[in-house]
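Here's the structure, in structure tokens; my notes come after.
In the text below, chain A, chain B and the rest are named by the order of the sequence lines, each starting its count at 1.
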Amino acid sequence: MHPPSRLLVLLHAGAVHPPSFRVLLKLHAHHLVSGLLSSHSTSPFIDRLVAAFAHSDPASPRPLLHALAILASLPSPPDSAFPYNAAFRALSLCPHQHLVDRHCLPLYRALLHSGSARPDHLTFPFLIKACARLQYRSYGAAVLGHVQKLGFSADVFVVNAAMHFWSVRGPMAFARRLFDESPVRDVVSWNTLIGGYVRSGLPREALELFWRLAEDGNAVRPDEVTVIGAVSGCAQMGDLELGKRLHEFVDNKGVRCTVRLMNAVMDMYVKCGSLELANSVFERISNRTAVSWTTMIVGHARLGMMEDARMLFDEMPERDVFPWNALMAGYVQNKQGKEAIALFHEMQKSKVDPNEITMVNLLSACSQLGALEMGMWVHHYIDRHKLHLSVALGTSLVDMYAKCGNIKKAICVFNEIPVQNALTWTSMICGLANHGHADEAIEYFQRMIDLGLQPDEITFIGVLSACCHAGLVEAGRQFFSLMHAKYHLERKMKHYSCMIDLLGRAGHLDEAEQLVNAMPMDPDAVVWGALFFACRMHGNITLGEKAAMKLVELDPSDSGIYVLLANMYAEANMRKKADKVRVMMRHLGVEKVPGCSCIELNGVVHEFIVKDKSHLDTNAIYDCLHEITLQMRHIANLIDISESGSHI
DNA sequence: GTAGGGTTAG
């Protein structure tokens with residue numbers, strides 16, 4: 001007998017134990033499916049086979065596809081909901097969105113039209129959960145309608161699934177109404193609602209429910225899942241004292257102290273700003289998981305302790321994609337783009353596959369470094385590996401092209417990506433503004449508003465800087481007041497400095513000064529710098545001196561401002577004052593701080609500081625620099641001659 | 001059978 005056929009017989013007889021059954025399925029899936037379809041298997045056997053496929057590795061799409069294939073090609077439809085339920089369960093866990101989208105509803109229709117099988121109380125929890133992940137929300141709502149019609153509205157599992165559906169898809173109020181009106185509530189009902197509030201960014205509502213449940217005398221007791229929800233909500237609020245109280249609750253109220261709960265507590269301490277407390281929890285976990293380690297990496301990265309983050313990363317026994325992404329994100333957040341890219345190259349040598357989040361981090365690193373070639377390579381990589389183009393990834397691409405100097409490509413990508421949100425539009429507006437396309441930036445802003453998207457603080461930095469670059473004083477004034485009056489956005493330092501720069505350049509020095517005085521925060525060096533620049537440009541020595549003094553106050557070691565002040569005096573023919581500043585500078589011993597610049601060549605980023613001789617090709621570089629300097633002098637002379645010629 | 005912890009954009 002052919003081995004797979006023998007296997008079928010064995011399986012028919014129920015002679016294979018479940019673990020071996022699973023292995024055999026993996027090895028002989030194709031033969032089994034074809035063998036089964038050509039034989040006359042009994043219904044219970046088909047049920048078992050479908051269920052076994054559906055229950056195996058949820059991360060892999062293959063077993064699920066086998067299960068669906070069997071269901072679709074049976075000579076006569078199954079007479080119970082059991083195999084369908086198993087398939088719905090697999091769909092509800094399936095990480096591949098397109099499979100859920102393609103198969104969920106056809107499968108439900110097949111069940112409804114099968115003749116003998118009817119959806120039962122096990123069907124809906126899985127089906128509804130799968131529906132929560134569908135692109136089209138109306139399907140889920142229709143299924144919930146069936147639930148009512150078929151009389152499952154009082155089944156607590158079904159109600160909980162429905163609450164989960166609304167808490168994922170919104171509005172949260174629908175989940176709440178089900179909770180309030182449901183005749184039956186168990187701990188999962190509470191946990192679902194609490195989790196839903198946390199997911200929707202409503203931690204206060206979550207905590208309110210938690211304390212209500214935690215009151216003594218309740219029939220339902222909070223369990224560790226409840227506390228995970230409460231602790232996550234607390235993490236969102238950043239309330240350390242509340243966090244400590246919740247941590248104590250675990251010890252006092254006999255909640256099971258699982259690794260998952262301790263991980264949530266660690267995460268809460270990190271987000272509430274106490275790395276020490278997070279670390280003390282971490283030290284006490286005996287069976288740490290990858291999540292525990294990743295949380296600590298994130299905790300150190302948030303405080304800029306990237307060397308410690310790296311040590312934790314190296315110490316981890318096993319690394320999935322999360323710690324790689326967390327460390328890379330840490331480098332990006334701490335403006336260490338080079339290290340982020342180096343880590344990616346390390347990652348490629350390891351066995352871990354990058355995902356779209358890796359790409360988002362990588363693109364941010366490219367934007368920071370202006371590394372266009374690397375950025376384009378990432379774009380290509382995303383296409384080649386068919387990574388999901390999420391809004392975040394699309395936005396990162398747009399931003400990378402804009403920041404790396406290719407605004408045309410940024411616009412192109414912006415038009416091609418499937419979904420744009422307020423952040424994507426903002427990125428485009430800022431990119432256009434930085435490239436000097438003020439009119440387009442403002443046009444994009446208008447289109448964004450017409451689409452009903454909410455601009456935020458950064459969107460307004462984009463339009464204001466567009467106005468600034470183009471000298472659009474009136475438009476700038478309007479945006480500046482609009483952001484406060486209409487959009488109720490807080491005007492930050494950056495908005496004020498932009499506005500003061502705009503007013504100052506246009507010669508509205510009084511208005512600029514008034515704005516500086518009216519600012520709700522202490523003006524920073526950028527604000528005074530903009531005012532100083534405007535004063536120098538328009539010859540307002542008195543106000544210029546005031547601005548310069550403020551700049552010296554803010555950073556006495558910054559030599560630049562002394563030079564600029566001396567220059568301003570010199571330009572105004574105030575020789576004595578100019579000399580005085582130069583003497584003062586020598587007395588104070590201020591020196592110029594070396595600046596750093598970098599350049600990307602063939603995908604490698606090279607860094608340079610002033611008078612840097614450390615590069616391998618230093619001689620060639622300085623020869624080239626010398627040559628360029630000579631050429632520039634030559635051109636400058638030519639321009640000088642032609643300009644003085646035109647004046648004669 | 002339902003709920004739950006770690007990585008992401010401007």
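Under the rule for a side chain to side chain donor-acceptor pair (under 3.5 Å), the partners of A:Glu224 that lie at least two apart in sequence or sit in another chain are A:Arg256. For A:His495, there are no side chain to side chain donor-acceptor pair (under 3.5 Å) partners, not counting sequence neighbours. A:Asp383 pairs by the salt bridge (charged side-chain N to carboxylate O under 4.0 Å, His left out) definition with nothing, not counting sequence neighbours. A:Arg288 is linked by a salt bridge (charged side-chain N to carboxylate O under 4.0 Å, His left out) to nothing, counting only residues two or more places apart in sequence or in another chain. Evaluation of the ring pair (Phe, Tyr, Trp, His ring centres under 6.0 Å) rule for A:His379 yields A:Tyr401 as partners, not counting sequence neighbours. Every residue was checked against the salt bridge (charged side-chain N to carboxylate O under 4.0 Å, His left out) condition with A:Lys335, not counting sequence neighbours, and none meets it. Applying the salt bridge (charged side-chain N to carboxylate O under 4.0 Å, His left out) test to A:Lys409 and every residue at least two apart in sequence or in another chain returns nothing.
Protein atom CD1 of A:Ile382 is 12 Å distant from nucleotide atom C1' of B:dT8, rounded to whole Å. Across the protein-nucleic acid pair, A:Leu209 atom CG and B:dA3 atom C1' stand 13 Å apart, rounded to whole Å. In this structure, the CG atom of A:Leu327 is 18 Å from the P atom of B:dG6, given to the nearest Å. Regarding A:Glu318, its CD atom lies at a distance of 20 Å from the P atom of B:dG6, rounded to whole Å. Rounded to a whole Å, the CG atom of A:Leu362 is 19 Å from the P atom of B:dT7. One atom, CE of A:Met262, and another, C1' of B:dG4, lie 13 Å apart when rounded to the nearest Å. The CG-P distance, from A:Leu246 to B:dG4, rounds to 18 Å in whole Å. The CE atom of A:Met268 sits 19 Å away from the P atom of B:dG4 (whole-angstrom rounding).
No hydrogens or angles were tested; on distance alone, nothing pairs the side chain of A:Thr192 with the base of B:dA3 as donor and acceptor under 3.5 Å. In terms of polar N and O atoms assigned as donor or acceptor, the side chain of A:Asp320 comes within less than 3.5 Å of the base of B:dG6 in a complementary pairing.
Across B:dG4, B:dA9, B:dT7, the shortest atom-to-atom separation from the side chain of A:Val360 is found for B:dA9. Of the candidates B:dG4, B:dG1, B:dT8, B:dG1 carries the atom nearest the A:Phe157 side chain, counting heavy atoms from C-beta on. Ranking B:dA9, B:dA3, B:dG1 by closeness to the A:His121 side chain, first place goes to B:dG1. When distances run from any side-chain atom of A:Asn361 to the nucleotides B:dG6, B:dG10, B:dT8, the shortest one goes to B:dT8. For A:Asp223, counting side-chain heavy atoms from C-beta on, the closest listed nucleotide (B:dA3, B:dT7, B:dG10) is B:dA3. Of the candidate nucleotides B:dA3, B:dT8, B:dG10, B:dA3 has the atom nearest to the side chain of A:Val225. The side chain of A:Ser427 has B:dG10 as its nearest neighbour among B:dT8, B:dA3, B:dG10.
Non-hydrogen atoms lying under 4.0 Å from DNA chain B are contributed by A:Asn160, A:His164, A:Val188, all within residues 160-190 of chain A. Residues of residues 441-465 of chain A that place a heavy atom closer than 4.0 Å to DNA chain B, in numerical order, are A:Asp456, A:Ile458, A:Thr459. Non-hydrogen atoms lying under 4.0 Å from DNA chain B are contributed by A:Thr289, A:Ala290, A:Val291, A:Thr294, A:Thr295, A:Val298, all within residues 279-301 of chain A.
The residue A:Arg199 sits close only to the backbone: its heavy atoms come under 4.0 Å of sugar-phosphate atoms, none of a base. In this structure, A:Asn85 reaches neither bases nor backbone, as no heavy-atom distance under 4.0 Å exists between it and the strands shown. A:Thr426 comes within 4.0 angstrom of a nucleotide base, judged by non-hydrogen atoms across all strands. Nucleic acid contact for A:Val231: none, since no nucleic acid atom lies under 4.0 Å from a heavy atom of the residue. At a threshold of 4.0 angstrom between heavy atoms, the contacts of A:Glu224 include nucleobase atoms, whether or not backbone atoms are also involved.
For the pair A:Arg310 and A:Trp324, the cation-pi criterion (under 6.0 Å, within 45° of the ring axis) is not fulfilled.
Within the model, atoms SG of A:Cys104 and CG of A:Leu91 stand 6.0 Å from one another, a figure rounded to the nearest 0.5 Å.
Aromatic ring centroids of A:Phe249 and A:Phe210 lie under 6.0 Å apart.
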Mind listing the side-chain donor-acceptor pairs of residues 123-130 of chain A below 3.5 Å, one per line with the distance, residues two or more places apart or on another chain?
residue  : atom : partner  : partner atom : Å
A:Thr123 : OG1  : A:Asn85  : OD1          : 2.8
A:Thr123 : OG1  : A:Asp120 : N            : 2.8
A:Thr123 : OG1  : A:Asp120 : O            : 3.3
A:Thr123 : OG1  : A:Asp120 : OD1          : 2.9

Side-chain atoms of residues 445-453 of chain A: list all donor-acceptor pairs with protein atoms under 3.5 Å, sequence neighbours left out, distances to 0.1 Å.
residue  : atom : partner  : partner atom : Å
A:Gln446 : NE2  : A:Asp450 : OD1          : 3.3

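Between A:Trp425 and A:Tyr444, the two ring planes are tilted [angle within 30° to 60°].
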